[in-house]
Amino acid sequence: MKDLFQIAEAPAEESDPDKASLMFICKRLQLKYGKLSDEEKKWLKKIAEKSDLLKNPIPQRGRK
């Protein structure tokens, strides 16, 4: 259970947030991100957009 919440690599600050989230998904599914084709990355990104886990957990409604 300990390794479930452990993230070995934190994305660099200058990295793309979409790429970071895709790498997180690949890590959880034990997929090699580098071995995915561009088409597979595109589909994985489309699927990940539907995930509630990757959405902003802090609501911004009403913030000024």
Using residues 33-41 as the side-chain source, report each donor-acceptor pair under 3.5 Å to any protein atom, sequence neighbours left out, with the distance given to one decimal.
from: S37; atom 1: OG; to: E40; atom 2: N; distance (Å): 3.1
from: S37; atom 1: OG; to: E40; atom 2: OE1; distance (Å): 3.4
from: E39; atom 1: OE2; to: W43; atom 2: NE1; distance (Å): 2.9
from: E40; atom 1: OE1; to: S37; atom 2: N; distance (Å): 2.8

Candidate pair M23 and K19, rule side chain to side chain contact (heavy atoms under 4.5 Å, CB included), full reasoning: CA-CA 6 Å; M23 291 180 79; K19 183 178 177 183; 3.9 Å; yes

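The side-chain hydrogen bond (donor to acceptor under 3.5 Å, both in side chains) check on K45 picks up D18, with sequence neighbours excluded.
Under the 4.5 Å side-chain criterion, counting only non-hydrogen atoms from C-beta, L44 is in contact with C26.
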